[in-house]
Amino acid sequence: MTLLQLRDFQVHYASRAGIVRAVDGVDLDVPAGSITGLVGESGCGKSTLGRGLMGVLPDAARIAGGSAVFEGRDLLGLSARARRDVRWRRMSFIPQTAMNALDPVLRLRAQMLEVLIERGGLGRAAASARAEELFRMVGLDPARLADYPHQFSGGMRQRASIALALALDPALVIADEPVTALDVIVQRQVLDVMRDLQARLGLAMILVTHDMAVVAYACDRVAVMYAGRIVESGLAADVLERPRHPYTMGLTHAFPDVHGGTGELVPIDGAPPVLINPKPGCRFAPRCPFAQPRCHTETPVLEAGVACFRAAEAPALRAAAALPATWGAG
Amino acid sequence: MRSLLRFLRSEPFAVAGAAIYAVIIAAALLAERIAPHSPTEILRANRRIARYMPASADFWLGTTSSGYDIASQLIHGARTALQVGLTAAVAVVAIGTLLGLLAGYLGGWVDKAVTRLADIVLGLPFLPSMLVLAALTRPGTLTVVCTVAALLWPNTARVIRSQVLSLRERAWVEAARVTGCSNARIMFVHILPQVLPLAALYGSVAIGWAILAEAAASFLGFGDPATISWGVMLQDAYANQALSRGAWNWFVPPGAAILAMALAGFMISRGSEKLLFPKLGGS
Amino acid sequence: MSAVISAENLEKTFHVGGRTVHAVRGVSLAVSAGEALGIVGESGCGKTTTARMLLRLEDPTAGRITFEGTDITATRGAALLAFRAKAQLVFQNPFDALNPRFTIGRSLAEPLRNFGVAKSEHEARIAAAMARVRLTPAADWLDRHPHELSGGQLQRVVLARSLLPGPKLIVADEPVSMLDVSVRAGILNLLRAARDELGLAAIYISHDLALIRYVCERTLVMYLGRVVEEGPTPALIERPRHPYTKALVAAVPVPHVMQDRAPLPIKGALSDAPLSGPGCAFRDRCPLAFDRCAAEAPPLRNIGEGRKLACHLGDEA
């Protein structure tokens, strides 16, 4: 069952130089009970997409079009009040820096109770019990509810912000680079908590990240974003092991593998385009070693999980993409 | 340029302050051309010394008890005001920035010494200390400038110090060390240009204080009677009982000028504060 | 002595608000020309402090640093300047590593000027350094300011600056962690090429074992200020001996769907009141700790194949 369905979803930023099409026509299906990795480099629009869904965009940004059907209702068609209600009860957000979710001057118990009582409508005793249950769920000692956020380590804060996000039993959790700022052992522990809770509670989760390895570890599905659009999406097993878009192929060779399996790393030369009045054509074409004349004039649409005119040649392109010379590295 | 315009529109205080400065600077530069008379010439009317003349086409603001043209004195007084204000500002900025930079970057005993000295000076009451200093030295604008500088540097030094403390942690300062820069080079070539705008802000505050100090010193008789300044004008008016004679035209204009110029300095600094620290203000 | 830089028993103690923090406790290491050494560990393990002491940006509380056969532990003045020219640093955050008011050209001229290179040579040497980091032609870049460049370009400039004085040692502290994924490989490849072609000694500081695997032959694992394991990188990663190294390796996600997702062989979190007194500092998190671990601290000792280990369990193995 599809929990969230985005069609032609658009988020625009107003800037001095003009309108930045940060998210420019995204189609994405998030099934219930899955973890979807939203991956791409900085500026590709992945965080903006997540924040747009949660209604936590900065002032200069606004949702400019498309639809976002969540549990059968188009969020963009709802009244502001109804939309806020959905976002508070059925969706929740885990920011990269846990300190952004936590109030530094309040004890964690007070913060948990505020959410559970004010938004969740629980009684005081029930809320208190729920807060302790939530802390246990994320692997924190309920006694630590009496602490302030600054008494927690980075990993514990992130666990606390996960507990806060799960307080009202949301159907969808959007996590924006939740483990990027953490050390590798803590990162793994937090990812395990998220995976475990997702499976136990049957949530759907969107995990925004730049790290292919994090996607491989934690996600069932993946959507690769480039310059405001989804260029490839599908099951993580398919996309990571048999990428069909040249950008995804490039990303898989840009990361070192701790077991040395990647061989020579290959950078993707060039930089993503500026998204003010973007040119027609495939946005990756200027950096793509496989671009043809058509790629610069016509825009490929996302079909069967990939937006590339040469998707049918994917196996041959994959073989070529594995060679550093293909990407112009000498 | 466009952003400057937008800034000016959003900061009416700064615009007003800048406008006042523009008028005063114009008066100072063009004093000879604008002023109808020489400020030191005893004027005559109908063969008699023109005492206490009311405002007229010839004497725009009337004359003093000694027959000087008030408007001309006011216009020429702008020069002294600017001189005192600007030199004091430069001195405050120079001393404050230097000490703040040394204290912030070198730390240790230098920091302790500067901080302690600043605390002591900040504890001194401004006007009485200035009068004591003026009484001990010879009266004149130089004394005023020196006293203002000696008493106002700690504010600048404090903010520069804290600014330097945060800049010192930046990677590019460490990079300067790794690439062989001496401490002096790091302080004066790398860090100084970053803190100068902030120092200038505190300088503009010092302009206002210097004007007030000069006026107060002159009014109390510690100024240089030979110079033409707004403070000396006020003192002259007071000594000749202009108030009881109802000679408003004599003491109001210099008083208003002093107030306007001091205010202008504060208004500009308020406006530029928002420009320098946009996070503090709402804009 | 073929080592470019070596350190013996480095110690660093900070006093923070009345508390004493032992950031580094008895670290010894040596790096020879053309060799790359990785120092890995979680934040707070003392890896960055160790690197800063090696570069004389921080004075060691105890221990000795030798550079090209000379003791430089306390050197000052002209001798320190001469050392600075030969030991350079590549910064973690390229967006902060260049003076924002200086043009790229001026930033690059700084080391040349400070290390007394004749002005007539500046242009040619800057052009050569820019060519090495593939920012060509140099003239296109020198008049720009840092804010006009992308992170990857900035890091290339930072690398060029560090190569300009003709160093013998390059220390890179998390050199790509702030960069976009698509440009990381480019920077790592440039660093590797510079080390190979110029025969530099290199030290990489990172929490990322995958990065260390890609660029370092030898790796040193630090935990709470101590070296707990050291050895050739592939052996250390494929056959870790210290329980902490095992957890560290197991925690690194790999970019493949098929991977080990077993629970980590480690307990608790780093900040859970680090232990003091005798005994192994890792014993409270170690799943294999036994009586002896609380009684005496395991010394770092050779276990063959160029490896060192500080764990009592190594005895049985």
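Protein chains get the first letters and strands the later ones, always in sequence-line order, with residue 1 at the start of each. No experiment lies behind these values; they were computed from the predicted model shown.
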Chemist: Are any side-chain N or O atoms of A:Gln198 and backbone N or O atoms of A:Gly33, one a donor and one an acceptor, separated by less than 3.5 Å?
Modeler: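 Yes: the side chain of A:Gln198 pairs with the backbone of A:Gly33.
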Chemist: Sort out for me which of C:Ala185, C:Gly41, C:Ser150, C:Pro263 touches chain A most, counting heavy-atom pairs under 4.5 Å.
Modeler: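 Answer, by heavy-atom pair count under 4.5 Å with chain A: C:Ala185.
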Chemist: Side chain from CB out, backbone as N, CA, C, O: work out which of these in C:Ile187 comes under 4.5 Å of a heavy atom of chain A, or both, or neither.
Modeler: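 When you check distances to chain A, no heavy atom of C:Ile187 falls under 4.5 Å.
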Chemist: Report the C-alpha separation of A:Asp211 and C:Val181 in whole Å, then their side-chain angles, then the decisive distance to 0.1 Å, and conclude whether the side chain to side chain contact (heavy atoms under 4.5 Å, CB included) test is met.
Modeler: CA-CA 8 Å; A:Asp211 192 337; C:Val181 292; over 6 Å; no
Chemist: Given that the side chain runs from C-beta out, which part of A:Ala271 has a heavy atom under 4.5 Å from chain C: side chain, backbone, both or neither?
Modeler: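 Neither the backbone nor the side chain of A:Ala271 comes within 4.5 Å of chain C.
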Chemist: If you tally heavy-atom pairs under 4.5 Å against chain A, which of C:Ala250, C:Gly186, C:Ser182, C:Gly152 wins?
Modeler: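 Counting heavy-atom pairs under 4.5 Å, the top option is C:Ser182.
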Chemist: By a 4.5 Å heavy-atom criterion (distance strictly below it), what part of A:Glu241 contacts chain C: side chain, backbone, both, or neither?
Modeler: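 Contact with chain C is through the side chain of A:Glu241 alone.
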Chemist: Distance to the ring centre below 6.0 angstrom and angle to the axis at most 45 degrees; does that hold for C:Lys246 and C:Tyr244?
Modeler: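 No - C:Lys246 does not lie over the ring of C:Tyr244 by the 6.0 Å and 45° rule.
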Chemist: What's the verdict on salt bridge (charged side-chain N to carboxylate O under 4.0 Å, His left out) for A:Arg144 and A:Asp141, showing C-alpha distance, side-chain angles and the deciding distance?
Modeler: CA-CA 6 Å; A:Arg144 302 293 302 254; A:Asp141 180 356; over 6 Å; no
Chemist: Is A:Arg195 close enough and on-axis enough to A:Tyr217, meaning under 6.0 Å and within 45°, for cation-pi?
Modeler: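 Yes, A:Arg195 sits over the ring of A:Tyr217.
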Chemist: Non-hydrogen atoms of chain A under 4.5 Å away: do they reach the side chain of C:Asp208, the backbone, both or neither?
Modeler: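 For C:Asp208, no heavy atom lies under 4.5 Å from chain A.
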Chemist: In terms of side-chain heavy atoms, does C:Tyr204 have a donor or acceptor partner in C:Arg195 at a distance below 3.5 Å?
Modeler: no
Chemist: Under 3.5 Å, is there a donor-acceptor pair between the C:Arg184 and C:Ser177 side chains?
Modeler: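 Short answer, no.
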Chemist: Verify salt bridge (charged side-chain N to carboxylate O under 4.0 Å, His left out) between C:Arg192 and C:Asp196, making sure each step is shown before the conclusion.
Modeler: CA-CA 6 Å; C:Arg192 234 169 43 164; C:Asp196 290 346; 5.6 Å; no
Chemist: With a 4.5 angstrom heavy-atom cut-off, could you sort out which part of A:Ile185 is near chain C: side chain, backbone, both or neither?
Modeler: both
Chemist: By number, which residues in residues 230-239 of chain C have some heavy atom less than 4.5 Å away from chain A?
Modeler: C:Ile237, C:Glu238
Chemist: Under a plain distance cut-off of 3.5 Å, with no hydrogens placed, do A:Ser34 and A:Asp220 share a side-chain donor-acceptor pair?
Modeler: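 Side chains of A:Asp220 and A:Ser34: no pair found under 3.5 Å.
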